[in-house]
Amino acid sequence: MLPLPFGLVFEDLYTPSGLTRLHAAFLDQLAAQAPALATRLESARADPAGLGRKQEAELLIELGPCLEGFLTRLFGIEAKVAALKSEHERVACLY
């Protein structure tokens, strides 16, 4: 079994109980990293109809970097992602 962070193994990605633990790990990391954003996500999930389309889109966009960080850590690709970001920043002036 391929071990993953957060006490998971690769096979957990294919089971409901493993995905529940993965979800909990993401929420824990989000709460530690961005407590206000975690609270907003929790509120939005508690009352999905309470968000307008624009607010929902804004929330999803704000969650993007946190999810990216979580996934890069989960799959152990931090160095590769950092290299890609560095290359993107290097050529950003061309755009």
Side-chain angles (χ1 to χ4, degrees):
M1 282 194 242
L2 177 64
L4 296 171
F6 315 110
L8 299 168
V9 293
F10 194 78
E11 288 76 8
D12 287 329
L13 303 178
Y14 295 96
T15 66
S17 63
L19 292 175
T20 298
R21 290 194 315 278
L22 178 68
H23 178 252
F26 172 70
L27 293 179
D28 288 346
Q29 182 172 307
L30 182 63
Q33 192 176 35
L37 186 55
T39 300
R40 287 179 50 214
L41 176 60
E42 185 179 312
S43 296
R45 286 180 165 178
D47 181 21
L51 277 183
R53 291 174 62 187
K54 183 178 180 198
Q55 291 81 18
E56 180 181 10
E58 289 170 345
L59 177 61
L60 292 173
I61 289 168
E62 285 183 58
L63 285 166
C66 297
L67 180 59
E68 177 184 7
F70 179 79
L71 292 174
T72 58
R73 182 173 170 207
L74 177 67
F75 293 111
I77 56 172
E78 297 94 339
K80 291 184 182 204
V81 170
L84 286 171
K85 284 182 180 181
S86 178
E87 181 63 15
H88 176 74
E89 289 170 7
R90 186 184 73 75
V91 298
C93 63
L94 299 174
Y95 302 105

Quick one: do Y14 and L22 end up in the same hydrophobic cluster if we chain Ile, Leu, Val, Met, Phe, Trp and Tyr together by side-chain heavy atoms under 4.5 Å apart?
-> yes
Is a side-chain N or O of T20 found less than 3.5 angstrom from the main chain of P16, in a donor-acceptor match?
-> yes
So, for A31 and A38, which heavy atoms are closest and what is the spacing to 0.1 Å?
-> CA-CB, 3.7 Å
After noting the C-alpha distance and the side-chain angles of R90 and E87, does the key distance pass the salt bridge (charged side-chain N to carboxylate O under 4.0 Å, His left out) rule?
-> CA-CA 5 Å; R90 186 184 73 75; E87 181 63 15; 2.6 Å; yes
So, D47 side chain and A44 main chain: donor-acceptor pair closer than 3.5 Å or not?
-> no
Below 4.5 Å, heavy atoms only, C-beta onward: do L41 and L27 meet side chain to side chain?
-> yes
From L59 atom CG to Q55 atom CD, the distance as rounded to the nearest 0.5 Å | 10.0 Å
Taking side chain as C-beta onward, heavy atoms only, is L37 less than 4.5 Å from L30?
-> yes
Please name all residues satisfying salt bridge (Lys or Arg N to Asp or Glu O under 4.0 Å) with E78, sequence neighbours left out, ordered by chain then number.
-> none
H88: what forms a side-chain hydrogen bond (donor to acceptor under 3.5 Å, both in side chains) with it, not counting sequence neighbours?
-> none
K85 and E68 ion-paired at < 4.0 Å | yes
Taking everything shown except Q33 itself, do over 12 heavy atoms lie less than 6.0 Å from its CD?
-> yes
The reported gap from CG in D28 to CZ in R21 (rounded to nearest 0.5 angstrom) is 13.0 Å
Do T39 and E42 have side chains that get closer than 4.5 Å, going by heavy atoms?
-> no
What one should report as the nearest heavy-atom pair of I61 and P65 is O-CD, 3.4 Å
For F26, which residues count as a ring pair (Phe, Tyr, Trp, His ring centres under 6.0 Å) partner, sequence neighbours excluded?
-> F70
To the nearest 0.5 Å, how far apart are CZ in R40 and CG in L63?
-> 8.0 Å
Out of curiosity, L51 CG to E58 CD, how far, rounded to the nearest 0.5 Å?
-> 9.5 Å
Are F75 and L84 joined in one hydrophobic group, where the rule is that I, L, V, M, F, W and Y side chains link up if heavy atoms are under 4.5 Å apart?
-> no
